Amino acid sequence: MEGLYKVEYDISGGTGRSVLYAHAGTMLGGNTAFAHFGTYDHVDGEIIARLRTRRHSPSPHRRMLVSADRVTISIRGRPQGDVWHFAGRVEEDAGSVFRAVMTPLGNDDMPPPGRIGEGGIVSGLYSIDIRMLDGIAGGQTGVMLLEDGRILGGDAFFYYLGAYTSSNGRWKGEFVNQEHTPAKDEHPLFGGHEVGIGFSGRCSAEGAEIEATALVGKRSIRFAATLKLIQPFAG
């Protein structure tokens, strides 16, 4: 089941969406407000996983599907074709029922990884806080996974695929922002478009800053973003 997935989940009747990357027994991902990280094992044709969930940003719509900002979810699932179906529970919430469907996202479109030198950015799961420039209103939060020169990530509507190079406290790269769920009503600036983004900036052991240019149709839009390391990648 290795690769990047859209996750559509139901927790005791409440629904949500995330992106999740599975690789070598590790799962990392999240959405606009929460980060997910944990491990999984193959057992008799099933995947058995244990994921921790932690808030990384305020929710744009105040809604809680679980009892706290930090919980642990235990699940097990089987594939139906390329799609995985999971069921389980939130360990801290007695009587909770968790169900999820994981659908693969663009894994055949991954570009080759960039080169990482000494002093390059740490591979891992980051929160990303995007701020529009040049007087354009708006912004967005999500998660970005950096894995040895590759970029993956996203939120409840979008996913990212790309590559970067990094050394000596600097990094640069390119990625494509695409919808996995129609976003025009919630995010009219990028919704309905496949957006190519180029960026550069500084990095440290704790995170990074970037300035970027996004090509949205025929329009170039500048934005800045702050990345904060949530969980190093150990795959």
Side-chain angles (χ1 to χ4, degrees), residues 4 6 17-19 21 29-33 56-61 105-117 120-204 206-230:
L4 183 67
K6 174 177 73 170
R17 288 185 306 274
S18 294
V19 294
Y21 180 59
N31 56 28
T32 304
H56 66 76
S57 299
S59 298
H61 308 292
L105 292 172
N107 293 299
D108 294 335
D109 298 326
M110 279 296 298
R115 297 181 64 179
I116 310 301
I121 193 167
V122 176
S123 289
L125 179 67
Y126 291 77
S127 64
I128 181 169
D129 183 0
I130 296 171
R131 307 174 302 280
M132 309 311 296
L133 300 177
D134 302 324
I136 298 175
Q140 180 66 8
T141 58
V143 295
M144 181 173 279
L145 178 67
L146 306 180
E147 185 198 5
D148 298 327
R150 285 194 172 99
I151 296 171
L152 307 99
D155 55 38
F157 293 94
F158 300 103
Y159 69 100
Y160 320 136
L161 296 174
Y164 65 94
T165 60
S166 183
S167 63
N168 300 319
R170 304 285 305 182
W171 72 312
K172 63 181 180 179
E174 297 179 344
F175 63 96
V176 177
N177 181 89
Q178 301 177 75
E179 289 178 326
H180 60 66
T181 299
K184 192 71 174 177
D185 291 341
E186 292 283 341
H187 302 287
L189 192 60
F190 286 180
H193 299 279
E194 181 176 296
V195 181
I197 298 169
F199 69 88
S200 63
R202 297 185 178 275
C203 59
S204 69
E206 292 78 32
E209 299 283 341
I210 64 170
E211 287 197 5
T213 300
L215 185 62
V216 184
K218 296 181 178 180
R219 183 183 182 189
S220 292
I221 297 173
R222 294 196 316 125
F223 66 86
T226 299
L227 285 79
K228 295 181 180 179
L229 181 62
I230 298 171

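We're numbering straight along the sequence, starting at 1. Computed from a predicted structure; not experimentally measured.
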Going through the distances and angles, do His193 and Lys184 end up as a side-chain contact (heavy atoms from CB on, under 4.5 Å)? CA-CA 9 Å; His193 299 279; Lys184 192 71 174 177; 4.2 Å; yes
Please evaluate residues Phe199 and Tyr164 with respect to the criterion side-chain contact (heavy atoms from CB on, under 4.5 Å), reporting the C-alpha separation (whole Å), side-chain torsions for both, the decisive distance (0.1 Å), and the verdict. CA-CA 9 Å; Phe199 69 88; Tyr164 65 94; 4.2 Å; yes
Test side-chain contact (heavy atoms from CB on, under 4.5 Å) on Leu4 and His180 and set out the steps. CA-CA 11 Å; Leu4 183 67; His180 60 66; over 6 Å; no
Walk me through it: do Ile197 and Phe223 pass the test side-chain contact (heavy atoms from CB on, under 4.5 Å)? CA-CA 10 Å; Ile197 298 169; Phe223 66 86; 3.8 Å; yes
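In terms of modelled atom types and a separation under 3.5 Å, the side chain of Asn31 and the main chain of Ala33 share a donor-acceptor contact. Under the 3.5 Å distance criterion, the side-chain polar atoms of Lys6 are left unmatched by any main-chain donor or acceptor of Val19. Without hydrogens or angle criteria, Ser166 side chain to Ile121 main chain gives a donor-acceptor distance under 3.5 Å.
Other residues, nucleotides and ligands place more than 12 heavy atoms under 6.0 Å from the CD atom of Glu179.
Side-chain atoms of Ser123 and Asp148 form a donor-acceptor pair, as typed in the model, at a separation below 3.5 Å. Residues Gln178 and Tyr160 bring no donor and acceptor atom of their side chains to less than 3.5 Å of each other. Using modelled atom types and a 3.5 Å distance limit, the side chains of Thr226 and Arg131 yield a donor-acceptor pair. Residues Gln140 and Asp155 bring a donor and an acceptor atom of their side chains to less than 3.5 Å of each other.
Contact check for Arg202 versus Arg170: side-chain heavy atoms found under the 4.5 Å cut-off. Between Leu189 and Arg219, the closest side-chain pair of non-hydrogen atoms falls below 4.5 Å.
A distance of 10.5 Å separates OH in Tyr159 from OG1 in Thr181, rounded to the nearest 0.5 Å. For the atom pair CD1 (Ile128) and CD1 (Ile210), the distance works out to 5.0 Å, reported to the nearest 0.5 Å. For the atom pair CG of Leu227 and CD of Glu206, the computed distance is 13.0 Å after rounding to the nearest 0.5 Å. Note that CG of Leu229 is 11.5 Å distant from SG of Cys203, once rounded to the nearest 0.5 Å. We find the CD1-CG distance between Ile221 and Leu133 to be 11.0 Å, quoted to the nearest 0.5 Å. The OH atom of Tyr126 lies 9.5 Å from the CG atom of Leu145; values are rounded to the nearest 0.5 Å.
Closest non-hydrogen pair, Trp171 versus Glu209, comes out as NE1-O, 3.7 Å. Closest of all the heavy-atom pairs between Gly191 and Phe158 is N-CZ, 4.0 Å.
Judged by a 6.0 Å distance limit and a 45° cone about the ring axis, Arg17 is positioned over the six-membered ring of Phe157.
Of the candidates Asp109, Asn177, Ile151, Val176, Asp109 is the only one forming a side-chain contact (heavy atoms from CB on, under 4.5 Å) with Leu161.
For Ser200, the side-chain contact (heavy atoms from CB on, under 4.5 Å) criterion is met by Lys172, not counting sequence neighbours.
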